[in-house]
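I have placed the structure first, in the form of structure tokens, so that the comments after it can refer back to it.
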Amino acid sequence: MGTPNILFRLLEELNNRQLLKADSSIDYCPAVDIEPIHWLAVTHMIQQYQARFAGLWVKELDNAFYVIACFYIEKNYLFVRTALHKKTPLRLPSLSCLYLASSRFERHAHDLFGIEFTGNEDSRRWTRHQAWSANQYPLRKDFPKAGYSTGKTPTDKTYPFLQATGEGVCEVPVGPIHAGIIEPGHFRFQIAGEDILYLEERLGYLHKGIEKTAEGKDISDLIHLASHVSGDCAVSYAWSACMAIESALQITAPDRALFIRAILAERERIANHLWDAAAICNDVGFAFAYYQLGRLRELWLRTNAQLFGHRLLMNCLAISGVQKDYLPESAVQVIRQELKPLEKEVGELERILNSNASLQNRLKTTGILSSDIAQAVGALGYVGKASGIDFDVRRDAPYAPYHQFKIDSPVLSEGDVAARLSIRLKEIVNSLQLIDALLKDLPAGDYQTGWKMPHRATSGIGIVESWRGELLTFVGLDSLGKISRYFPRDPSWFNWLALERLIYHDIVPDFPVCNKSINGSYSGCDL
Amino acid sequence: MLKTLKKIFQIGIITEPVDAPSSPETEALGKACQAIIDAKFNGSLAIRQVDAGSCNGCELEIHALNNAFYNLERFGIHFVASPRHADLLLVTGPVSRHMEEALRIVYESTPDPKLVIAAGDCAACGGIFGESYASAGAVSNVIPVDLVIRGCPPTPMQLLTGLLSLIRS
């Protein structure tokens, strides 16, 4: 990542205004250390530079809690860090007045670290339900992994949902267990007749302590854990964790390994898009497409099992490369042979979908996410792309091996379910062509390289374009090479906010298809 | 419409015998089970799936049971939307403490006699998440379990074989 002018200008301005701390000691860059009193002012200035907010997390080190916020500014990322010393009040101003999406990150940080974000209009608990009490903070180092819970954990019955009142207004609670085979989460609808007045999400049901579980693990065990944060996204999670550690330890994976990673990531994208396209059609009763696209997906997964040893491609990556050389010439041939036929069939099915009037009637103008709202919440991946947000990490902040390839990233402006489906189908074709290009240029050589454990505490960041969109991972290592902090930031943190808003003009029966068209990860956000 | 019909006939029926030619035993198992489902469950076994903390990997493979290759419904087995309609609970994940009570409620809501399958390594023993402040670990820590199907995630064929063996026993 080069430093573009705009970021340079911003850093210069921050420096001129003496907002940067002199004694900065951050391992990853570009990053700046600031005083807590400047937290809001600096973010405000960053916002003036058209930055997108990309996440916030906390790391405990010695006598302080470090709060880190990430921003994307024109082809580059900027990390801003501040230290809250344990003897001072653990308090920072909320960024939610500038960036809507920061609210849930702040609530997560509060529930797990006890940092108070003043001025956050929504100060309710988020990740915490009833498994630990309001004055316990599980991610603090002095909180034992086993916790203090004895006996049964009750449900979180007293969570104060926002309620609408008025004649004919009623409330529909849905979940945590849904009607289909789907992850648990709660949706609270305020409705008048069929019209949705307000939708509120309540997640956190899948919180299983992933961040805490990671701590103290060996590096290789972390990569294994990363594959299981969101099981539909195993390659991307593992890749971003590898990238974070490799950048911290200055390891460069061999070219061949990077190409294999990219092929794995594109295979993952195709499998999930096929499945979601099938499920979107199924949710409006078009069973034909469900079975045809499901058939294509199953065949694709069988090739995964045959060549990579796992249908969902879990545990294929390793630090400094991949677990083995998955692509001898015979395997390359197998992949090549399935590319063209799949492209042809997807094209054929797309034409059938587009010419089916009753299907289009259900998908078009349903669940419209306007470009303005997409921008305001920071929507990512196909959700953003269907609403005019032309961003793809592979193209705009490229990492090896994508920097060598032309990435075609589709973008549409309609913002409805049909547009999100269309983006998926286009991305399938683009990924097939990309795999073909990757295979053509597949370099010879090693699939891993040698590397050494660090002898000092360090940290790193990895950012990849998962099939859901930009996926960011922060990893901290202690001086023994064990994991001291793991925070993966799923793109769904932002896309869940989009779902709450795109449903305003819709009716309850359209919620399932709207939800499917977003397909946020529950497990990836609950952690 | 013609294109749709053409595609349907072109692809034909792709449903596979359970664990294809290599294992005639399993196919026999499938047939035996169907007889039992016919006799004991009046031809229809209803499953309620519950994700109690999974990473969603198991759900993807459970979904695959409904695709045209595995075609679970041919045995009279189908997924239902409520535990009150279910004969069997198919539970995945280490049970997160936030889902613990919901899982108990689901178990109590399922009419007797009922069966419970813990599917996947996490459901079996807590998997890589184990037991912690946030995870209650194995499904059997929370509700009684009749059968465990291992795997991370179990493949559709492992799920199908496990399911059929339980019904048979």
Side-chain angles (χ1 to χ4, degrees), chain A residues 129-132 136 138 143-149 152-156 176-184 204-210 212-213 221 224-225 228-232 234 275 279 288 291-292 294-295 297-298 301 305 311-312 314 348-349 351-352 355-356 521-524 526, chain B residues 1 3-5 7-8 11 14 47-70 79-83 90 92-106 122 126-136 142 152-153 155-156:
Chain A
H129 289 202
Q130 297 293 332
W132 66 94
Q136 294 175 327
F143 185 96
K145 190 192 162 204
Y148 302 105
S149 160
K152 298 175 180 177
T153 309
T155 54
D156 194 20
I177 298 173
H178 301 257
I181 301 167
I182 181 174
E183 299 180 89
Y205 289 92
L206 288 173
H207 179 71
K208 44 193 176 280
I210 290 174
K212 191 81 176 178
T213 303
D221 291 340
H224 181 70
L225 179 70
H228 297 83
V229 174
S230 182
D232 47 29
W275 174 237
F288 163 79
Y291 285 105
Q292 295 299 338
R295 172 179 62 83
R297 173 179 179 267
E298 177 66 25
L301 297 191
R311 285 163 57 91
L312 305 182
M314 285 172 173
E348 192 187 347
L349 289 169
R351 282 191 292 279
I352 292 177
S355 62
N356 188 311
S521 171
Y522 299 71
S523 185
D526 292 350
Chain B
M1 195 63 205
K3 278 187 206 152
T4 310
L5 291 172
K7 186 81 187 166
I8 290 170
I11 299 299
I14 55 172
I47 300 179
R48 172 67 252 202
Q49 194 269 336
V50 182
D51 174 346
S54 142
C55 74
N56 201 27
C58 290
E59 280 58 42
L60 291 178
E61 293 296 53
I62 292 168
H63 261 298
L65 285 174
N66 279 330
N67 76 31
F69 290 92
Y70 303 107
F79 290 93
V80 292
S82 164
L90 182 60
T92 62
V95 182
S96 74
R97 294 199 188 275
H98 293 169
M99 279 300 289
E100 196 186 319
E101 189 58 24
L103 179 60
R104 274 194 203 96
I105 295 169
V106 162
C122 294
I128 51 173
F129 305 105
E131 288 176 34
S132 72
Y133 77 93
S135 165
V142 181
C152 182
T155 62

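Lettering follows sequence order; numbering is per chain, from 1.
The two residues Tyr133(B) and Ala131(A) have their closest heavy-atom pair at O-CB, 3.9 Å. Between Arg48(B) and Ala179(A), the shortest heavy-atom distance links the atoms NH1-O, 3.5 Å.
In terms of heavy-atom pairs under 4.5 Å with chain A, the best-connected choice from Pro83(B), Pro156(B), Gly127(B), Pro94(B) is Pro156(B). When Ser135(B), Gly53(B), Ala52(B) are compared by the number of non-hydrogen pairs under 4.5 Å with chain A, Gly53(B) comes out ahead. Among Ala279(A), Gly147(A), Gly231(A), the residue with the largest count of heavy-atom pairs under 4.5 Å with chain B is Gly231(A). By number of non-hydrogen pairs under 4.5 angstrom with chain B, the leading residue of Gly204(A), Gly209(A), Gly294(A), Ala146(A) is Ala146(A). The choice from Ile352(A), Thr213(A), Asn356(A) that makes the most heavy-atom pairs within less than 4.5 Å of chain B is Ile352(A). When each of Val106(B), Val142(B), Thr4(B) is scored by its heavy-atom pairs under 4.5 Å with chain A, the top score falls to Thr4(B). When each of Cys122(B), Gly57(B), Ala81(B), Ala68(B) is checked for heavy-atom pairs under 4.5 Å with chain A, Ala81(B) comes out on top.
Salt bridge annotation for Arg311(A)-Glu61(B): present, with a cationic side-chain nitrogen under 4.0 angstrom from a carboxylate oxygen.
Both the backbone and the side chain of Phe129(B) come within contact range of chain A, each with at least one heavy atom under 4.5 Å from a heavy atom of that chain. In this structure, chain B has a heavy atom under 4.5 Å from the backbone of Gln130(A), while its side chain stays farther away. Interface residue Leu60(B): backbone and side-chain heavy atoms are both found under 4.5 Å from chain A. Heavy atoms closer than 4.5 Å to chain A are found in both the backbone and the side chain of Ile128(B). The part of Val80(B) that comes within reach of chain A is its backbone (N, CA, C, O), which places non-hydrogen atoms under 4.5 angstrom from that chain. Using a 4.5 Å cut-off between heavy atoms, Tyr205(A) contacts chain B through both its backbone and its side chain. Looking at Ile182(A), the atoms closer than 4.5 Å to chain B (heavy atoms on both sides) all sit in the backbone: N, CA, C or O.
Residues that satisfy the salt bridge (Lys or Arg N to Asp or Glu O under 4.0 Å) test with Glu101(B), not counting sequence neighbours, are Arg104(B). Residues satisfying the side chain to side chain contact (heavy atoms under 4.5 Å, CB included) criterion with Cys58(B), sequence neighbours excluded, are Ser54(B), Thr92(B), Pro153(B), Pro154(B).
Remark: the backbone N or O of Ser96(B) is not paired with any side-chain donor or acceptor of Lys208(A) at under 3.5 angstrom.
Taken to the nearest 0.5 Å, the CG atom of Asn66(B) stands 5.5 Å off from the CD1 atom of Ile181(A). Here CD of Glu348(A) is found 3.5 Å from NZ of Lys7(B). Values are rounded to the nearest 0.5 Å. Distance check, rounded to the nearest 0.5 Å: CG of Asp51(B) to NE2 of His178(A) gives 9.5 Å.
Between His98(B) and His129(A), the ring-plane angle classifies as parallel under the 30° and 60° cut-offs.
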Assess whether side chain to side chain contact (heavy atoms under 4.5 Å, CB included) is satisfied between Cys55(B) and Met314(A), documenting all intermediate values.
CA-CA 12 Å; Cys55(B) 74; Met314(A) 285 172 173; 4.1 Å; yes
Determine whether Gln292(A) and Ile11(B) satisfy the following criterion, side chain to side chain contact (heavy atoms under 4.5 Å, CB included), listing intermediate values before the conclusion.
CA-CA 9 Å; Gln292(A) 295 299 338; Ile11(B) 299 299; 3.5 Å; yes
Determine, step by step, whether Met1(B) and Ser355(A) satisfy the side chain to side chain contact (heavy atoms under 4.5 Å, CB included) criterion, reporting the C-alpha distance in whole Å, the side-chain angles of both residues, the deciding distance to 0.1 Å, and the verdict.
CA-CA 9 Å; Met1(B) 195 63 205; Ser355(A) 62; over 6 Å; no
Evaluate salt bridge (Lys or Arg N to Asp or Glu O under 4.0 Å) for Lys152(A) paired with Glu100(B), printing each intermediate quantity in order.
CA-CA 8 Å; Lys152(A) 298 175 180 177; Glu100(B) 196 186 319; over 6 Å; no
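Looking at Leu103(B) and Ile177(A), their side chains never come closer than 4.5 Å, going by heavy atoms from C-beta outward. Tyr522(A) has its side chain out of reach of Asn56(B): every pair of non-hydrogen atoms, C-beta onward, lies at least 4.5 Å apart. The shortest side-chain heavy-atom distance between Pro176(A) and Met99(B) falls under the 4.5 Å cut-off. Here the side chains of Trp132(A) and Arg97(B) are not in contact, with every heavy-atom distance at 4.5 Å or above.
Judged by distance alone, the side chains of Tyr70(B) and Glu298(A) do bring a donor and an acceptor atom under 3.5 Å apart.
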